Structures are given as structure tokens and as C-alpha cells.
Amino acid sequence: MDEGGYVTPKQYCTHIWDNMNLDHQTLTQWDVSCSDCQQEMESWLCVGCGGVFCSRYVQGHMQAHRESSGHCIAISLSDLSVWCYSCDSYIKHEKFHKLLVVLESLKFGQSALQASLALPTPDFSTGFCYEERAYLHCAPSRHFERQERVEVALDHLVELSLLAKCRTVATREASKEELQLAHESSYVETVFTTSSGQTSEIFDVDTFVNKNSSHIARMVCGGIIDLTTAVAQGNLKNGFALTRPPGHHASKNKPEGFCLFNNVAVAAANLLENKLASKIWIVDWDVHHGNGIQDIFYSDPRVLYTSVHRYEHQPGMFFSEEGAMQKTGEGAGLGKNVNVPFYFHERGYGDVDYNAIFDSLLIPISREFAPDFVIIAAGFDSAKGDPVGQFRVTPGGYGVLLQKILEVVPTQKAVLVLEGGYNPGVVAKCTEECVRVLLDPSYRPQYEKGEVLAETEKVIEEVKKQQRLYWSI
């Protein structure tokens with residue numbers, strides 16, 4: 001990005017992990033001669049293979065090498081900048097730290113080499129998934145569910161240098177077979193056919209689609225499948241998917257509430273199908289009930305679904321019979337569905353109320369369930385400052401809840417997937433706190449304390465009465 005003559009390096013590049021094969025320890029001498037023409041001007045070092053090639057301003061051998069090898073990232077031996085040919089941009093990432101230190105030492109002298117190499121190597125154990133082209137999925141007019149929700153948060157993570165500490169996981173199109181583990185095949189086909197249409201509200205008043213929507217929704221789903229798979233296989237410790245469109249309202253055969261494919265459910269179903277997890281706890285802290293997730297796993301004993309949501313007694317934005325506390329599952333899945341419905345209160349439910357619910361209800365149930373994987377439907381519309389939810393959970397409050405959740409799983413294998421949240425600035429701060437917890441278990445979020453509302457205590461006792469049939473609470 002060019003800002004008034006200053007080029008801002010891109011910190012989010014999905015190509016780093018497939019192209020970074022060069023080990024800094026193999027660099028022992030300074031050589032700027034092009035491997036193909038021996039020119040020593042405008043040379044670039046390929047980080048994929050260690051070859052040196054001249055730039056397009058000489059004979060263009062670096063570009064030719066990129067086309068023949070697929071290696072798309074190179075370091076300028078003139079100014080040690082890093083360029084990604086696939087992104088068509090300069091990039092900056094901590095992954096290049098030691099490599100650049102060695103190159104600088106070889107170029108200018110060895111004095112600082114040992115001290116620089118003694119710096120700790122960043123631990124890229126937190127995965128991060130983002131679909132840059134999601135802006136193509138857009139409504140015909142300004143809409144709550146828009147690209148700004150994720151762009152502001154991404155920029156915030158870049159500014160704080162948090163994104164550079166994560167390992168990026170690229171998106172890809174989920175296959176029909178992967179999607180059909182959570183959705184009926186006829187519904188998958190219906191969404192696929194929207195790629196031939198124009199922008200319209202063909203599903204319902206909330207759920208828009210255009211000719212790009214199906215592709216973007218599949219890309220997001222595929223990326224989240226790969227992110228959860230990498231965590232389940234131990235290649236990553238945990239992960240965060242800052243993606244849209246959201247998914248937790250999409251049921252087996254119907255879109256709803258901005259959602260096309262149920263990202264969380266599809267990812268969970270694929271983990272179970274591939275035997276990468278045996279029991280999954282899905283935590284939904286979005287202010288709306290995740291009726292789609294509930295629909296897909298209502299009779300599945302391998303999935304514990306818990307939802308804390310706003311619930312009204314009459315038709316409207318927060319009315320859903322499916323979100324009632326009496327909905328506890330069916331068949332083999334009886335007891336594996338836990339709904340905690342909040343009725344509207346002028347003060348709004350905040351950190352202290354959510355902590356009370358998790359401490360006295362959801363954490364004890366989840367410990368007894370003993371999951372080996374956790375997926376969080378991370379809606380930030382229950383946050384203080386959100387125009388829709390009118391609740392009061394702070395960014396640090398989500399961080400504290402995340403820490404409690406992670407303690408339930410011995411391996412701490414967990415992935416957060418963005419759902420709602422319609423104040424972009426608030427989403428950014430909530431995302432920051434959660435990413436900080438994922439990166440550093442010792443991080444201590446700041447949250448609001450106070451008195452638990454009487455209404456909260458009443459709801460907890462009412463839900464316990466429903467769930468005591470299945471759990472020791």
C-alpha cells in the first residue's frame with residue numbers, strides 16, 4: 001500500500017508458510033550474483049530455494065524463476081525488503097526475522113550476528129484465517145453484515161503487531177462432500193446456483209446473496225475446516241477465524257440471519273468424520289441463539305452445544321422457540337443441548353453475569369462431558385457498545401471467558417470463529433483480547449466486576465432444573 005510515497009508492507013500474507021523453506025543457518029556468505037546471468041545488480045534471494053536472481057530491471061530472472069518454480073517470495077539484496085509476487089506487495093512478518101539478521105550481518109559485518117540470533121524465535125502456534133475477497137459478498141445497500149466488520153479488526157491486529165505473531169491459514173473452497181456433512185445436499189446445490197444470479201434477497205429479508213456469495217461462503221468454510229484440522233492434528237495450538245459471512249443460523253436445509261453455510265457446524269462435522277476429535281464442545285456466546293448449530297447436532301451425542309443468548313417472549317429479533325431452555329436435545333443427543341436465555345434488562349448483562357453462568361453452569365457441564373476439542377461461535381454482538389445486542393460484555397470479559405473455556409480441554413485445542421458483532425471498533429477490540437489470550441496463556445485480561453443481576457441467578461437455577469436430568473450440577 002502506498003501512503004503518500006511511503007510503501008506500507010503487508011502483514012497478512014497466506015503464501016509465507018508454503019514458500020519459506022530457506023534456513024538462516026545455511027547462509028554462510030554474501031553472494032549477489034544472479035544464478036542465471038551472473039549480473040550483480042538488483043539481485044533477489046528466493047526464500048523458497050535460496051537461489052539468487054536478477055530483477056525485472058535487469059533481465060527478469062527472478063520473475064522467470066517464480067513462474068517455473070512457484071516460489072513467490074524473495075528478499076532484495078539491495079535493501080533487504082521482502083516482496084511477495086502473488087500478493088504483488090511488500091510484506092513484513094516475524095517469520096523473516098532471523099533470515100534478515102543473517103543477511104544484514106553478512107552484508108555489513110559479523111559483529112551483531114550472535115547477539116541477534118540469541119533473540120527468541122516467535123512461537124507461531126496460533127493460526128489465523130481471513131478471506132480478503134469477502135467484500136465481494138455484499139448487500140445492494142448498506143447492511144449490518146458488511147466487510148467493515150472484519151477489515152477494521154484486521155487493521156487493528158496489524159497495528160498492534162499481533163497478526164505477525166500468528167500463522168496464517170489460507171482459505172479454499174469447501175467441497176460439496178465437506179458441506180454435506182452438515183447440510184442437506186439439495187440445500188448445498190441451492191446455494192451453489194446463486195453464483196449465476198445478481199444481487200438479490202432470494203432467501204429472506206436478512207440473508208442477501210449475489211453472484212459471488214456462494215464462492216466466498218465456500219472459501220470461508222474451507223479455510224475454517226483447514227484451521228480446525230491443523231489444530232486437531234497438533235500442527236497449531238489454537239486458532240481464530242476472522243471471517244464472514246457468519247454461519248450459526250444456517251440449518252441443515254435453510255439459510256437465515258445473514259448465514260449461508262454453517263461454518264462452525266461444517267468444521268465440527270468434518271473433525272468428527274475424519275476422527276480428529278471424538279467429543280466437541282461448541283460454545284456460542286453470540287447474543288442471538290445459534291439455531292442452525294442446534295438443528296444440525298440436536299441428536300448427536302458427540303457434540304455439546306451451549307448457547308447464552310438474548311431471548312424475548314414475542315416475535316422479533318430475539319424471539320425463537322428454538323432458544324428456549326427446555327430444548328435439551330433428542331434421542332442419543334438428549335442432554336447435549338444447553339440453552340441459557342436472557343430476558344431483556346435495562347442494565348444489560350455484562351461480564352459478571354456471563355462469568356456466573358460459566359462458573360456455575362457451563363464449565364461444570366463441559367468438564368463432565370470432557371471434550372477433546374472446542375469451537376467457539378464468537379459473536380461480539382453481546383458486547384458493550386454493539387447497536388444490536390444491547391448487552392455489556394467487555395473485550396476483556398470475552399478474554400476471561402476464553403481462558404475458562406481453554407482450561408476445560410487438557411490440550412487446549414480451540415478455535416474461535418467470528419459470528420455476529422456490528423460495531424466494527426468493538427469487534428476489533430474483542431478480537432484483540434481473544435487473540436492475546438490465544439497467543440499467551442499468562443495474559444490477564446481486564447474485565448468489569450460487580451453484582452450479579454437477580455435475573456441472571458434466576459435463569460441459572462431454571463436452566464439447572466432442566467439439565468440436572470443429565471448432569472451432576
Side-chain angles (χ1 to χ4, degrees), residues 134 137-141 143-146 149 174 179-195 197 199-210 212-218 220-221 224 241 243-269 282 284-300 303 305-312 314-324 327 337 339 341 375-382 386-389 417-422:
H137 168 66
C138 57
S141 58
H143 194 282
F144 270 128
E145 206 294 283
R146 57 187 186 273
R149 299 175 56 232
L179 295 169
Q180 288 169 4
L181 290 176
H183 296 289
E184 294 180 3
S185 58
S186 59
Y187 173 65
V188 173
E189 290 292 345
T190 298
V191 177
F192 278 24
T193 59
T194 63
S195 61
T199 300
S200 61
E201 293 177 346
I202 68 167
F203 289 132
D204 60 43
V205 68
D206 290 325
T207 311
F208 59 87
V209 293
N210 62 26
N212 302 303
S213 299
S214 172
H215 170 66
I216 296 302
R218 289 177 68 186
V220 165
C221 248
I224 294 170
T243 49
R244 59 174 292 273
H248 74 150
H249 292 306
S251 63
K252 294 175 184 176
N253 58 9
K254 188 177 71 172
E256 189 178 324
F258 318 154
C259 305
L260 299 178
F261 294 127
N262 199 312
N263 305 315
V264 166
V266 170
I282 297 179
D284 193 335
W285 66 40
D286 189 288
V287 78
H288 301 90
H289 177 248
N291 56 296
I293 300 176
Q294 176 172 295
D295 172 65
I296 292 166
F297 294 116
Y298 202 55
S299 60
D300 195 327
V303 176
Y305 175 64
T306 65
S307 175
V308 183
H309 52 272
R310 184 170 165 181
Y311 184 80
E312 308 297 342
Q314 62 276 341
M317 187 180 297
F318 301 100
F319 172 78
S320 169
E321 292 182 357
E322 297 305 309
K327 295 287 185 177
N337 201 85
N339 285 330
I375 304 178
I376 300 175
F380 295 126
D381 45 5
S382 48
D386 187 89
V388 174
V417 179
L418 181 68
E419 295 289 352
Y422 306 101

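Both backbone and side-chain heavy atoms feed into the values below; hydrogens, waters and symmetry mates do not. Because the structure is predicted, anything quoted here is derived from the model rather than measured.
With sequence neighbours excluded, the residues that form a ring-ring contact (aromatic ring centres under 6.0 Å, His included) with F261 are H183. Under the rule for a salt bridge (charged side-chain N to carboxylate O under 4.0 Å, His left out), the partners of D300 that lie at least two apart in sequence or sit in another chain are R302. By the side-chain contact (heavy atoms from CB on, under 4.5 Å) test, A267 pairs with I224, T228, I375, sequence neighbours left out. Annotation: ring-ring contact (aromatic ring centres under 6.0 Å, His included) contacts of Y422 (sequence neighbours excluded): F144, F258. With sequence neighbours excluded, the residues satisfying side chain to side chain donor-acceptor pair (under 3.5 Å) with T306 are W281.
A donor-acceptor pair shorter than 3.5 Å can be found between the side chains of H249 and N291. Q294 and D284 share no donor-acceptor pair across their side chains, judged by distance under 3.5 Å alone.
Of the inter-residue distances, the one linking N262 atom CG with K252 atom NZ reads 12.0 Å to the nearest 0.5 angstrom. Atom CD in E189 sits 7.0 Å away from atom CD in Q180 (nearest 0.5 Å). The line from CG of N212 to SG of C138 is 7.5 Å long, rounded to the nearest 0.5 Å. Atom OH of Y305 sits about 13.5 Å away from atom NZ of K327, to the nearest 0.5 Å. To the nearest 0.5 Å, atom CG of residue L418 and atom CG of residue D286 are 9.0 Å apart. To the nearest 0.5 Å, atoms CG (L260) and CZ (F208) are separated by 8.0 Å.
E145 has its side chain within reach of P245: a pair of non-hydrogen atoms, C-beta onward, lies under 4.5 Å apart. At a threshold of 4.5 Å between non-hydrogen side-chain atoms, the residues N339 and H309 count as touching.
The shortest non-hydrogen separation linking F297 to A268 is CZ-CB, 3.9 Å. Of all heavy-atom pairs between T194 and S214, the closest is OG1-CB, 3.7 Å. Nearest heavy atoms, A134 versus R244: O-NH1, 2.7 Å. Of all non-hydrogen atoms in A250 and C259, the two that sit nearest each other are N-CB, 3.7 Å. Pairing each heavy atom of I296 with each of A265, the nearest pair is CD1-CB, 3.6 Å.
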(request) For H288 and E419, run side chain to side chain contact (heavy atoms under 4.5 Å, CB included): C-alpha distance rounded to whole Å, both residues' side-chain angles, the deciding distance at 0.1 Å, then the answer. (result) CA-CA 10 Å; H288 301 90; E419 295 289 352; over 6 Å; no
(request) Test side chain to side chain contact (heavy atoms under 4.5 Å, CB included) on R218 and V191 and set out the steps. (result) CA-CA 10 Å; R218 289 177 68 186; V191 177; over 6 Å; no
(message) Could you go through V287 and D386, starting from their C-alpha distance and side-chain angles, then the distance that decides it, and tell me whether this counts as side chain to side chain contact (heavy atoms under 4.5 Å, CB included)?
(response) CA-CA 10 Å; V287 78; D386 187 89; 5.8 Å; no
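In terms of modelled atom types and a separation under 3.5 Å, the side chain of S382 and the main chain of W285 share a donor-acceptor contact.
Judged as a salt bridge (Lys or Arg N to Asp or Glu O under 4.0 Å), not a single pair has a partner in residues 179-188 (not counting sequence neighbours).
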